[in-house]
Chemist: 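First, the structure itself, so that you have it in front of you.
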Number of protein chains: 2
Amino acid sequence: MTGATLRSDRSDVNHMRSVSVALGVLEAVSERQPVGVSELSRAMQLPKSTAQRMLLTLGELGWIRASPEEPTRWSLTTKAQAIGSRHRGQEEIRHIALPAMHGLSATTGETVHLSVPEDRRIVLLDKIEGEHPVRTHTEVGRSAPLHTTASGKAVLAAMPPAQAAALLGAAPLEALTDHTDTDVEAILQELEGVRRHGYAVAVGTRHPDVAAVGAAILSEPGQPVATLSLSLPSQRFPRRLWPVYGEQVARAAAECSRQLGWDPLP
Amino acid sequence: MTGATLRSDRSDVNHMRSVSVALGVLEAVSERQPVGVSELSRAMQLPKSTAQRMLLTLGELGWIRASPEEPTRWSLTTKAQAIGSRHRGQEEIRHIALPAMHGLSATTGETVHLSVPEDRRIVLLDKIEGEHPVRTHTEVGRSAPLHTTASGKAVLAAMPPAQAAALLGAAPLEALTDHTDTDVEAILQELEGVRRHGYAVAVGTRHPDVAAVGAAILSEPGQPVATLSLSLPSQRFPRRLWPVYGEQVARAAAECSRQLGWDPLP
DNA sequence: ACGACCGTGCCACCACGTGGCACGGTTTGC
DNA sequence: GCAAACCGTGCCACGTGGTGGCACGGTCGT
């Protein structure tokens, strides 16, 4: 929720103040809809009149709308989603991956994630929630550093080693928990194991109680374009299950790769 | 879609010019990504320097990014999608409807649509493409007037008759094809048939060669919140198939309604 | 070698967005 | 019952932030 993108802006306030504020408002509305003027102005530390002008403007432009019952509280329209769903290549990948995701969901009963790499992070594109009464909580659109997730490691293992090393070395690695490995050398070595097994495992590296198994989906020249993964509580994931789930995920991901036109031979 | 905003949008220019332009740019980028500065400035009839400032700003704010290979052409990031996927209630509906959609897709082989009503229009929320080599082309996020689609008629038939009449009478009904019915009385009468059968059929009312069958998904107080529909070429949809597909769609929609807590007894 | 593109950068001007403030209505507290 | 504290709304003088014309260097196609 709030902790995802720490307000690390403040450095580049030089460009387009009003636009920056407007998009911030749009984001804030999406997080706490339906929301009123005052609540919003407090949350964003904005003058109330400014906040209202933003809401009115975004409303006129068709991005948000007042609820029919509560005409002073605003929510998103489908416009933002319409824009977002045009994200390049997303449609094709989703279409191909969904059946495989349902298969994994059916055989394991756990939450299945479809993610894509973006810069030095991995972004959750879609998910199918598991049936267990206790599950991991995630949100479509959220992202995490590559080295903190199973999906991220699967991606790193599937790209050219030099590129993986460059990505990991570009900036100091963040530790999200005590179990997050932040040593580049150690991670690069772990990636060899991932390549050997065909899947990556992460236990408590992003959140103390959450574990995951992931495998990369490869496209044309053998490059990773997405990942499939299972996300589940660490308690429900003893080491003996690693290869069980791991191989299922790897098989599902390979099937997606094949449909994308990339046949992993060896 | 060049003709959208001709130079003189004069009515609402009073509010937040730069924001309006920025969101317009965002939308334009989503439609023609990856796109460069000059192409964009031409398409939006904007000074090149302004267009570039917008792109840089949107980039700094994380909504778009330059392609790694072509550093001067911009595409969307997943941010817009992250925002859009928080659209109220969408997540729950998608989660419930997806299995039913796959069922329909498997038994019919046709493209399955999940749509939601918004104002006087019906918006495509998600879809599963069929297997036929010739299919209807649609895009998630696109919308159409209620009275031009099977989904829209299913929604109208499921809401209180007074509300349906109010929606239809609020403004003159647009005719998208020769087959679009624009007479309010005639449509209201057709809705009775929809209620009796449990599904709506539309042939050539939105596009000459496209047909559809749809049924509404109802939530708590019996109100329509979404629809399931099949979209297919008219040629592949002879009248004898109407009840076949119609009842399948209605059954799938009813199952979704039940999971939303609304049991259609009578 | 030329012109027609491209993406980039600068900067004087003044429209545009800003935000403090006040109003009327409704909910809360006592 | 009243007052205080909220709410959403609207106004408007101020000055800053956005505008867009213009020019530059690079890279095509011819």
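Naming: A, B, ... by sequence-line order, numbering from 1 per chain.
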Chemist: Measure CE/A:M54 against P/D:dG10 and give the value in whole Å, please.
Modeler: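 Whole-Å distance recorded here is 17 Å.
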Chemist: Reckon B:T50 has a side-chain N or O less than 4.0 Å from the OP1 or OP2 of D:dG20?
Modeler: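 True: B:T50 side-chain N/O within range (under 4.0 Å) of D:dG20 OP1/OP2.
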Chemist: Find the runs of at least 3 consecutive base pairs, i with j, i+1 with j-1 and so on, that include DNA chain C, using Watson-Crick or G-U wobble geometry with both distances under 3.5 Å.
Modeler: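 DNA chain C forms these stems: C:3-29 with D:2-28.
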Chemist: Mind checking salt bridge (charged side-chain N to carboxylate O under 4.0 Å, His left out) for A:E118 and listing every partner two or more places apart, or none if nothing turns up?
Modeler: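 If we apply the salt bridge (charged side-chain N to carboxylate O under 4.0 Å, His left out) test to A:E118, skipping adjacent residues, there are no hits.
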Chemist: If the condition is side chain to side chain donor-acceptor pair (under 3.5 Å), which residues does A:S38 pass it with, not counting sequence neighbours?
Modeler: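 Result, side chain to side chain donor-acceptor pair (under 3.5 Å) vs A:S38: none returned.
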Chemist: With sequence neighbours left out, write down each residue that passes side chain to side chain contact (heavy atoms under 4.5 Å, CB included) with B:A80, or none if nothing qualifies.
Modeler: A:I83, B:W63
Chemist: According to side chain to side chain donor-acceptor pair (under 3.5 Å), who are the partners of B:S30, at least two apart in sequence or on a separate chain?
Modeler: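 With neighbours one apart ignored, the set is A:R86.
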Chemist: I need the CG-C1' distance between B:L55 and D:dT19, as an integer number of Å.
Modeler: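 It works out to 16 Å between those atoms.
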Chemist: Counting C-beta onward and ignoring hydrogens, is there a side-chain heavy-atom pair between A:D126 and B:R94 closer than 4.5 Å?
Modeler: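 Yes, their side chains come closer than 4.5 Å.
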Chemist: Output the rounded distance in Å from CG (A:L56) to P (D:dG8).
Modeler: 12 Å
Chemist: How is B:T72 classified with respect to the nucleic acid when contacts are heavy atoms under 4.0 Å: base, sugar-phosphate, or nothing?
Modeler: sugar-phosphate
Chemist: For the side chain of A:K153 and the backbone of A:V194, is there at least one donor-acceptor N/O pair under 3.5 Å apart?
Modeler: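 Here the side-chain-to-backbone pair does not exist.
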Chemist: Which listed nucleotide (C:dT8, C:dG17, D:dG8) is nearest to the side chain of B:V37?
Modeler: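 For the B:V37 side chain, the nearest candidate turns out to be C:dT8.
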Chemist: When all nucleic acid strands are considered with a 4.0 Å heavy-atom cut-off, which category describes B:R73: base, sugar-phosphate, or nothing?
Modeler: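 The answer is nothing, as B:R73 stays clear of every strand by at least 4.0 Å.
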Chemist: Report the distance from atom CZ of B:R42 to atom C1' of C:dC5, rounded to the nearest whole Å.
Modeler: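 Rounding to the nearest Å, CZ of B:R42 and C1' of C:dC5 are 9 Å apart.
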Chemist: Taking side chain to side chain contact (heavy atoms under 4.5 Å, CB included) as the definition, give me every residue that meets it alongside A:V21, ordered by chain and number, with sequence neighbours left out.
Modeler: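 Per chain and number, A:V21 pairs via side chain to side chain contact (heavy atoms under 4.5 Å, CB included) with A:V25, A:L46, A:M54.
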Chemist: Could you pull out the protein-nucleic contacts involving nucleotides 12-14 of chain D (nitrogen or oxygen on both sides, under 3.5 Å)?
Modeler:
none

Chemist: Report yes if at least one side-chain N or O of A:S38 is closer than 4.0 Å to OP1 or OP2 of D:dG8; otherwise report no.
Modeler: yes
Chemist: Under a 4.5 Å cut-off applied to non-hydrogen side-chain atoms, are A:L23 and B:L23 in contact?
Modeler: yes
Chemist: By side chain to side chain donor-acceptor pair (under 3.5 Å), which residues pair with B:D119, not counting sequence neighbours?
Modeler: A:R65
Chemist: Only counting residues at least two apart or in another chain, list the ones meeting side chain to side chain contact (heavy atoms under 4.5 Å, CB included) with B:S115.
Modeler: B:H113, B:I122, B:L124, B:S151, B:T227
Chemist: Polar pairs (N or O, both sides) under 3.5 Å between protein and nucleotides 25-28 of chain C?
Modeler:
none

Chemist: Is there a side-chain contact between B:T148 and B:E174, using heavy atoms and a 4.5 Å cut-off?
Modeler: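 With C-beta onward as the side chain, the pair stays apart.
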Chemist: Could you work out, with side chain to side chain donor-acceptor pair (under 3.5 Å) as the rule, every residue matching A:Q223, not counting sequence neighbours?
Modeler: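 Partners of A:Q223 by the side chain to side chain donor-acceptor pair (under 3.5 Å) criterion come out as none, since no residue qualifies.
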Chemist: Rounding to a whole Å, what distance do you find between A:M16:CE and C:dG17:P?
Modeler: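 Distance check: A:M16 CE to C:dG17 P gives 11 Å.
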Chemist: Calculate the interatomic distance between B:R17 atom CZ and D:dT19 atom P; express it in whole Å.
Modeler: 6 Å
Chemist: On DNA chain D, check which nucleotide each of A:Q52 and A:V19 is closest to and give me the residue with the more 5' one.
Modeler: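 The answer here is A:Q52.
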Chemist: For residues A:P145 and A:L176, determine if any side-chain heavy atom of one lies less than 4.5 Å from a side-chain heavy atom of the other.
Modeler: yes
Chemist: What string of B, S and - do you get for nucleotides 21-30 of chain D 5' to 3' if you count protein non-hydrogen atoms under 4.0 Å?
Modeler: B---------
Chemist: Is any side-chain heavy atom of A:L156 closer than 4.5 Å to a side-chain heavy atom of A:M159?
Modeler: yes
